[in-house]
**Student:** 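Next up is a structure, given as C-alpha cells.
Chain letters run A, B, ... following the sequence lines, proteins first, then strands; residues in each count from 1.
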Amino acid sequence: MTRQKTRALVGAALLITGALALTACGSGFDDGGGAGSSGEGDATELTSSDDALTILIGSSGDAETDAVESAVAAWSEESGVEASVQVASDLPQQLSQGFAAGSPPDLFYLATEALAGYAGNGSLVAYGDMLANADDFYPSLVQNFTVDDQFYCAPKDFSTLALVINKGMWDAAGLTDDDIPTTWEELDTVAQTLTKDGVVGLAFGAEYQRVGAFMAQAGGTLVSDDGTEAVANSPENVEALTYVKDHLEAGSFAYATDIGTGWGGEAFGSQKAAMTIEGNWITGAMMNDYPDVDYVVAELPAGPVGPGTMQFTNCWGMAADSPNQQAALELVEYLTSTESQLAFSEAFGPMPSIQSAADQWSADNPELTAFLAGADYAVGVPTNDGIAAVITDFNAQLESLKSGDPQQILDTVQANVEAVVG
Amino acid sequence: MTATAVAPRRAGKARKGLRRGEALAGWLFTGPVLIILGVFLLIPVVMALWVSFSDWSGRGSPFSSGVSFVGLENYAAITTDGGLPTRDFGTALRNNGWYVLLVVPLQTALALFLAVLVNRAILRGRGFFRTAFYFPSVTSTVAITVLWLFLFSANGVVNEALSWIGISGPNWWADPSGIVHNGLAAVGVTQGPPVLTENDFLGLSWWDWLAGPSVAMTALILMAVFTTSGTFMLLFIAALQNIGSEIQEAAMMDGANGWQRFWRVTLPQLRPTLFTVITLGLIGCWQVYDQIYTGTQGGPGKTTMTPAYLSYTSAFLGQDWGQGAAIAFILFAIIVAFTAFQRWVLRERPVSKRRARQYQQPSRPSTASPAVAASARVPSVPEPTTTDPTKEDER
C-alpha cells in the first residue's frame, strides 16, 4: 500500500517535471533576468526607441489623476510620443511586480523610503543630473533623492509641516495674531489656553512623521546629515520626546487616535483639537470635508536650537528596464516645469519642487506661505535602505510615548538605525 | 496532492489485454490538472523556497546569474540575529499565537453549541436561525472588517452599548496594551519578575510574550469567532444529523441524562468532524492576513501584525524578499506541526480502564446495551478528510 503510494507520487512528480520541460516554463524565467541585468543603475546612456510610455501613479484622488493625465496628454500632443497614465491601487506592490517581471512602467511615483531599495538592486536609472532644470530643485529635495552621490530622480513636488490653527477657537479664547507661538514656551501657553470644553489644544499623529518636527526643532535627527551615522538617541531627541511626553500627560497635546480620530486633519476639522501639525494636504481635506471651519496656517514654533519642520516628497522614478528613457526624461522635464507644477499645485495642493516657481506660488497662495517658508529649514525622512521598517517600529513605540520612557525608546531606535546605516 | 496521486496508483498496475489503454487514458485525464497544479502551485513554491535561501533583490528572475545562494542567512536574520527583523518576527508570532489560542477553542465551542441548538427538531424557526448564524460566513472578510472598524471605533456602537452598563470602553483600534497585562495591572502588577523581563526569546522578553493579545487584536479575535463559527456550525450540523436517533434513545433507556448523552454519546461520534474543524481553524488562524491588510495594517504598536502580513511587508515594502519567503516557510512548518500535534491528541485510543469500569457494575453484569456499545466503539478516523459518519454506522 505505502510502496504503491510512494511510487505513484514519484510518478506524478516526474510527470509534472516532464510537462514543464515541454512547455519550456523554466527558460521563460531566465529570459527576463538576462535582459534585466543590462542596466546596472549607473547607466550613462539612456535608451531610445519609438515605444509608448506608461506612467504609474499613486493618486490621492480624481483631482490629481485628472491633472497628471491632462499634463501627460499635452506633452504627448507636443512630442508625438504616446503615453498613458495608470493609477495604482497599491503602488509599492505593483512596482515590485513590474521590476520582478522585468516589465516595469517607464515612469512612476517613487517614495523617498523606497528609493534606496530599488536603487540598490539596479531597478532605477540615475537620471537626475541629465535634467535641463537640475539646478532649479531645492537642494534639500535633491539630497532626499541622492544615493551614493548619484542624483537619482526628479522631485515631483513637496510638502512641509506647519501649525494649523482654528480661527474661531483662537479668537474665542481672546488670542490675537501676536500670540501665534514662535517658541516651545509660547506653544505650551497657547495649547493650555485652548484646552477646554472637551477640546484639546494641539493634536497630531502618533508618528515620527509629526513628532520628528519637534526633534528637528531641538536639533536632533535619526541619521546624521551624510547618512552614515545613527544619532537617534542624542540628548536633543530625548529633550524633544520629553517635551511631547510631558504635554501629552498634561493633556494640552493629544495624539489624533487618542481622541477618536484617524489623523490630525480629522481631529482639527471635527473641532476636537484647536491646533494641529499637518502638511499641505490638509487644505484639500478642509475644503472637501470641513468647509465651515476657518483656519490659519503658521510656521511651526522654534525649539531650543531653532526652527524645524519635516518635508515630504516623491520623485519621478525611471525604470532601468524602460526601452524609451530618452522620451521619459523629456516628459519629466515637462512635468517638473514651472507651468506644470503650478497647475498641479492648484489642482491638488503640493508645492513646486523648483525654486523658480516659489514667488508665483506664494502670490497665488498668500495664506499658505508658512508651508513654503518651512522649506528653508525642513529635514527629510531618512532614505537609507531598510529605514522604513525602523521608522515603522519607532512609530509603534511612539504610540505609547505617554507612558513610555523617551530615552529607552530612542535607545531601541538607535540600535535599529545602526543596523541599517553605513 | 493525495487526490491526484490516487489516479496514477490505479493506473500504475498496467494490465495486459483488454484493459491495456487504461493507463494512458488515466494520464490523459489527470494530465491537465497535474500541469495546472505544477505550474501554479509546485513551481511557485519551489521558486519561493529558492528565494528564501538566496539574496534575490526583487529585480528580474530569481534564477538569473546575479542571484546567489546564501544558505540560512535569511532564516537567521529573522530568528537568531536579534535585530529588528527578529523582534518583528517574534512580535508577529506572539500576536498570532494568542490569536490561535483564543480563536480556535472559542470558534469550535461556539460552532458546536450553535449546531446542537439549531439541530433540535422541536425548535421553531430552525431555518431562520441557521441562516442567521451562517450569514456572517457568506459575507466577505473585507466587508466585515470595515463593519468591525465602525462598530469598535472609539465612539462606536460597542462602546456606546458598554456605556449603558457603566463601562467606559477602550479606544479599541488605538490601544496596544495586552489584555493579560491589563488584567494584571488591575490587581496592581505592572512589572514582571526579573526572570521574565530580563530573558528574551526572538528579541522579545518573556514578559512581553505573556502580554496577551492587545485590545485591538481582541476585537479581531471576536470578529474571527463571529465570522467563522457559522461555517463550522454547518459541518457540525451535517455530522449531528448523521448520528442515528436510536443510539440516543438507547442511552435514554439506560438512564443517561441530557448532559451525559452529549458528552458520552454524541461528542465521541463527532470526533472526525471535530478533527476537520480544528484543523481548518488552525490553518486559517495561522494565516490571518486580509483583516490585517484591510483593517489595522499591523497597528497599533505592531500588536496586530501577523507572520503572514509581516511576510508581505518584508517582501513588497521592505524589499527583503528572502526574509519574506523565509517567514512564509516557517509559517508553513508551524501549521504542519500544529496539525500533526492535534491529530496526535485526537488519535483513536482504547477506552480507559477507569471509564470502562463505570459500565461494568456488578448489578448489570453481562450484556452491553447499545449505548454502552456506542460509547465504547469510538469511531475510527481512517483519513482526516473523510467526514462521512454514515460509514461509522454501517460498520
**Student:** Once ring pair (Phe, Tyr, Trp, His ring centres under 6.0 Å) is applied, do any residues pair with B:Tyr293, and if so which ones, sequence neighbours excluded?
**Tutor:** B:Tyr289, B:Tyr312
**Student:** Side chain, backbone, both or neither: which part of A:Ala419 has a heavy atom under 4.5 Å from chain B?
**Tutor:** neither
**Student:** Do you know which of B:Gly318, B:Gly83, B:Pro300 has the most heavy-atom pairs with chain A at a distance under 4.5 angstrom?
**Tutor:** B:Pro300
**Student:** Are there over 12 heavy-atom neighbours, none belonging to A:Gln414, within less than 6.0 Å of that residue's CD?
**Tutor:** yes
**Student:** Pull out the residues in residues 258-266 of chain A that come under 4.5 Å of chain B, heavy atom to heavy atom, sorted by number.
**Tutor:** A:Asp258, A:Gly260
**Student:** Counting only heavy atoms closer than 4.5 Å, note whether A:Glu399 contacts chain B via side chain, backbone, both or neither.
**Tutor:** side chain
**Student:** Please report the shortest heavy-atom distance between B:Lys302 and A:Asp393, naming the atom on each side.
**Tutor:** NZ-OD1, 2.9 Å
**Student:** Measure the CG-CG distance between A:Asp385 and B:Asp320 for me, rounded to the nearest 0.5 Å.
**Tutor:** 7.0 Å
**Student:** Tell me whether A:Gln97 at atom CD has more than 12 heavy atoms from other residues, nucleotides or ligands lying less than 6.0 Å away.
**Tutor:** yes
**Student:** Can you tell me how far the CZ atom of B:Arg87 sits from the CG atom of A:Asn416, to the nearest 0.5 Å?
**Tutor:** 5.0 Å
**Student:** List the steps, then state whether side-chain contact (heavy atoms from CB on, under 4.5 Å) holds for B:Arg59 with A:Asp321.
**Tutor:** CA-CA 10 Å; B:Arg59 179 163 182 250; A:Asp321 288 334; 2.9 Å; yes
**Student:** Enter the distance from A:Ser123:OG to B:Gln319:CD here, rounded to the nearest 0.5 Å.
**Tutor:** 7.0 Å
**Student:** Which bit of B:Asp88 is near chain A, if near means a heavy-atom gap under 4.5 Å: side chain, backbone, both or neither?
**Tutor:** side chain
**Student:** Between A:Thr257, A:Thr412, A:Asn395, A:Leu95, which residue shows the highest count of heavy-atom pairs closer than 4.5 Å to chain B?
**Tutor:** A:Thr257
**Student:** Considering only heavy atoms, which portion of B:Trp173 lies under 4.5 Å from any heavy atom of chain A: side chain, backbone, both, or neither?
**Tutor:** neither
**Student:** Check side-chain contact (heavy atoms from CB on, under 4.5 Å) between B:Val146 and all other residues, then give those that pass, not counting sequence neighbours.
**Tutor:** B:Phe150
**Student:** Should A:Pro92 and B:Phe316 count as side-chain neighbours, where that means a heavy-atom distance under 4.5 Å?
**Tutor:** no
**Student:** Measure A:Ala388 against the heavy atoms of chain B and call it side chain, backbone, both or neither at under 4.5 Å.
**Tutor:** neither
**Student:** Could you have a look at B:Ala174, B:Gly58, B:Ala154 and say which one has the most heavy-atom pairs with chain A under 4.5 angstrom?
**Tutor:** B:Gly58
**Student:** Is it true that atom CG of A:Asp289 has more than 12 heavy atoms of other residues, nucleotides or ligands lying nearer than 6.0 Å?
**Tutor:** yes
**Student:** For B:Ala211, what residues pass the side-chain contact (heavy atoms from CB on, under 4.5 Å) criterion, not counting sequence neighbours?
**Tutor:** B:Arg94, B:His181
